[in-house]
Amino acid sequence: MLMRGRLAAAMLIAAAALDLTRCSLVLMTFRHGAAAVGLVATGIGAAAVSVTAARGCRAGQRWAGWAALLIGLASAPQASAAGFDWPYVIPDVATAALGVVLAVAILATAGHDKPGPGPIDAPGQGSVFGVKDGR
(Lines give C-alpha, C1' and ligand atoms only; values in the text may rest on other atoms or scores of the structure.)
Protein backbone atom coordinates (compact mmCIF):
# COMPACT_ATOMS: atom_id res chain seq x y z
CA MET A 1 0.00 0.00 0.00
CA LEU A 2 2.78 2.38 0.85
CA MET A 3 4.51 2.01 -2.50
CA ARG A 4 1.24 2.26 -4.41
CA GLY A 5 0.32 5.34 -2.40
CA ARG A 6 3.62 7.05 -3.15
CA LEU A 7 3.55 6.10 -6.83
CA ALA A 8 -0.06 7.16 -7.29
CA ALA A 9 0.57 10.41 -5.42
CA ALA A 10 3.53 11.24 -7.67
CA MET A 11 1.50 10.53 -10.79
CA LEU A 12 -1.43 12.59 -9.52
CA ILE A 13 0.88 15.53 -8.78
CA ALA A 14 2.23 15.19 -12.34
CA ALA A 15 -1.35 15.21 -13.65
CA ALA A 16 -2.03 18.39 -11.68
CA ALA A 17 1.09 19.99 -13.14
CA LEU A 18 -0.02 19.05 -16.65
CA ASP A 19 -3.47 20.54 -15.99
CA LEU A 20 -1.87 23.80 -14.88
CA THR A 21 0.42 23.76 -17.94
CA ARG A 22 -2.59 23.44 -20.18
CA CYS A 23 -4.23 26.34 -18.30
CA SER A 24 -1.27 28.59 -18.96
CA LEU A 25 -1.33 27.65 -22.65
CA VAL A 26 -5.03 28.55 -22.79
CA LEU A 27 -4.25 31.98 -21.41
CA MET A 28 -1.60 32.54 -24.05
CA THR A 29 -3.58 31.29 -27.06
CA PHE A 30 -7.28 32.07 -26.54
CA ARG A 31 -8.59 35.38 -27.83
CA HIS A 32 -11.97 35.29 -26.08
CA GLY A 33 -11.80 36.12 -22.38
CA ALA A 34 -14.96 34.32 -21.24
CA ALA A 35 -13.99 31.01 -22.85
CA ALA A 36 -10.46 31.26 -21.47
CA VAL A 37 -11.74 31.93 -17.94
CA GLY A 38 -13.99 28.85 -18.10
CA LEU A 39 -11.18 26.61 -19.32
CA VAL A 40 -8.73 27.95 -16.76
CA ALA A 41 -11.25 27.44 -13.94
CA THR A 42 -11.83 23.86 -15.10
CA GLY A 43 -8.08 23.19 -15.24
CA ILE A 44 -7.50 24.62 -11.78
CA GLY A 45 -10.39 22.53 -10.45
CA ALA A 46 -8.93 19.38 -12.04
CA ALA A 47 -5.53 20.17 -10.52
CA ALA A 48 -7.13 20.67 -7.09
CA VAL A 49 -8.92 17.31 -7.34
CA SER A 50 -5.66 15.61 -8.37
CA VAL A 51 -3.75 17.13 -5.46
CA THR A 52 -6.52 16.16 -3.01
CA ALA A 53 -6.46 12.59 -4.32
CA ALA A 54 -2.65 12.57 -4.05
CA ARG A 55 -2.87 13.59 -0.39
CA GLY A 56 -5.42 10.83 0.17
CA CYS A 57 -3.16 8.27 -1.51
CA ARG A 58 -0.26 9.28 0.71
CA ALA A 59 -2.48 8.93 3.78
CA GLY A 60 -3.70 5.49 2.67
CA GLN A 61 -7.33 6.48 2.24
CA ARG A 62 -9.44 3.91 0.40
CA TRP A 63 -11.40 6.51 -1.59
CA ALA A 64 -8.18 7.95 -3.01
CA GLY A 65 -7.46 4.80 -5.00
CA TRP A 66 -10.87 5.05 -6.64
CA ALA A 67 -10.34 8.75 -7.31
CA ALA A 68 -6.94 8.06 -8.86
CA LEU A 69 -8.45 5.36 -11.07
CA LEU A 70 -11.20 7.71 -12.26
CA ILE A 71 -8.70 10.52 -12.89
CA GLY A 72 -6.51 8.12 -14.88
CA LEU A 73 -9.44 6.84 -16.93
CA ALA A 74 -10.68 10.36 -17.66
CA SER A 75 -7.28 11.82 -18.60
CA ALA A 76 -6.96 10.26 -22.07
CA PRO A 77 -10.40 11.38 -23.34
CA GLN A 78 -9.87 14.81 -21.80
CA ALA A 79 -6.53 15.19 -23.57
CA SER A 80 -7.88 13.97 -26.90
CA ALA A 81 -10.83 16.39 -26.73
CA ALA A 82 -8.41 19.22 -27.52
CA GLY A 83 -7.55 17.48 -30.77
CA PHE A 84 -3.78 17.43 -30.21
CA ASP A 85 -3.43 20.79 -31.96
CA TRP A 86 -0.40 23.04 -31.66
CA PRO A 87 0.64 24.24 -28.94
CA TYR A 88 -1.22 21.59 -26.91
CA VAL A 89 0.49 18.55 -28.47
CA ILE A 90 3.08 17.90 -25.77
CA PRO A 91 0.85 18.38 -22.69
CA ASP A 92 -2.01 16.46 -24.35
CA VAL A 93 0.15 13.45 -25.23
CA ALA A 94 1.74 13.54 -21.77
CA THR A 95 -1.68 13.75 -20.11
CA ALA A 96 -3.05 10.84 -22.14
CA ALA A 97 0.02 8.67 -21.47
CA LEU A 98 0.09 9.53 -17.76
CA GLY A 99 -3.62 8.76 -17.46
CA VAL A 100 -3.19 5.32 -19.00
CA VAL A 101 -0.15 4.54 -16.82
CA LEU A 102 -1.97 5.77 -13.69
CA ALA A 103 -5.04 3.63 -14.41
CA VAL A 104 -2.90 0.55 -15.14
CA ALA A 105 -0.82 1.09 -11.99
CA ILE A 106 -3.92 1.36 -9.80
CA LEU A 107 -5.53 -1.70 -11.38
CA ALA A 108 -2.31 -3.73 -11.22
CA THR A 109 -1.93 -3.12 -7.50
CA ALA A 110 -5.60 -3.49 -6.60
CA GLY A 111 -6.07 -5.87 -3.69
CA HIS A 112 -2.39 -5.92 -2.75
CA ASP A 113 -2.83 -3.66 0.26
CA LYS A 114 -3.77 -6.54 2.56
CA PRO A 115 -0.96 -8.01 4.63
CA GLY A 116 0.12 -11.47 3.60
CA PRO A 117 0.32 -14.48 5.87
CA GLY A 118 2.81 -14.27 8.69
CA PRO A 119 5.98 -16.30 8.87
CA ILE A 120 5.61 -19.95 9.71
CA ASP A 121 7.85 -21.37 12.42
CA ALA A 122 9.94 -24.16 11.04
CA PRO A 123 10.57 -27.12 13.34
CA GLY A 124 13.50 -26.42 15.62
CA GLN A 125 13.41 -22.64 15.19
CA GLY A 126 12.39 -20.88 18.36
CA SER A 127 10.55 -23.85 19.79
CA VAL A 128 11.53 -26.74 22.00
CA PHE A 129 9.45 -29.88 21.47
CA GLY A 130 6.70 -27.83 19.85
CA VAL A 131 6.44 -25.46 22.85
CA LYS A 132 7.40 -21.84 22.27
CA ASP A 133 9.21 -19.70 24.81
CA GLY A 134 9.61 -22.55 27.31
CA ARG A 135 5.90 -22.69 28.17
Side-chain angles (χ1 to χ4, degrees):
M1 177 64 180
L2 184 61
M3 189 59 167
R4 180 180 76 172
R6 288 182 180 174
L7 180 64
M11 286 192 269
L12 287 166
I13 295 295
L18 286 169
D19 285 332
L20 294 176
T21 300
R22 293 164 88 206
C23 288
S24 65
L25 288 173
V26 165
L27 288 175
M28 294 184 335
T29 59
F30 263 57
R31 301 288 182 223
H32 303 289
V37 168
L39 289 172
V40 168
T42 303
I44 291 172
V49 168
S50 294
V51 169
T52 303
R55 290 183 66 193
C57 283
R58 291 280 300 181
Q61 299 292 323
R62 176 174 241 161
W63 62 266
W66 287 103
L69 178 64
L70 292 175
I71 289 169
L73 292 175
S75 292
Q78 175 202 10
S80 65
F84 297 105
D85 292 331
W86 182 257
Y88 300 103
V89 174
I90 293 173
D92 285 344
V93 170
T95 299
L98 182 64
V100 169
V101 170
L102 178 61
V104 168
I106 295 296
L107 290 174
T109 58
H112 292 286
D113 54 350
K114 298 176 188 134
I120 299 173
D121 287 338
Q125 290 184 350
S127 63
V128 178
F129 302 111
V131 180
K132 293 185 179 189
D133 299 330
R135 295 182 205 174

Closest non-hydrogen atoms of Ala64 and Cys57, given as atom of the first, atom of the second and distance, are CB-N, 3.3 Å
If you take all heavy atoms of Ser24 and Thr21, which pair is closest and at what distance? OG-O, 2.7 Å
Side-chain heavy atoms nearer than 4.5 Å, only ILVMFWY residues, links allowed to pass through others: does that put [X] and [Y] together?
| X | Y | result |
| --- | --- | --- |
| Leu18 | Leu7 | yes |
| Val51 | Ile44 | no |
| Leu39 | Met28 | yes |

Residue list, side chain to side chain contact (heavy atoms under 4.5 Å, CB included) with Ala48, at least two apart or on another chain: none
Suppose we screen for side chain to side chain contact (heavy atoms under 4.5 Å, CB included). Which residues come up paired with Ala36, at least two apart in sequence or across chains? Val26, Phe30
Could you grab the distance from atom CZ of Arg55 to atom CD1 of Ile13, nearest 0.5 Å is fine? 9.5 Å
Enter the distance from Ile71:CD1 to Ser50:OG here, rounded to the nearest 0.5 Å. 4.0 Å
Indicate yes or no: at least one non-hydrogen side-chain atom of Leu12 is less than 4.5 angstrom from one of Arg58. no
Scan the side chains in residues 86-106 for donor-acceptor partners under 3.5 Å anywhere in the protein, sequence neighbours excluded, and list what turns up.
| residue | atom | partner | partner atom | Å |
| --- | --- | --- | --- | --- |
| Tyr88 | OH | Thr29 | OG1 | 2.9 |
| Asp92 | OD1 | Arg22 | NE | 3.0 |
| Asp92 | OD1 | Arg22 | NH2 | 3.0 |
| Thr95 | OG1 | Pro91 | O | 2.7 |

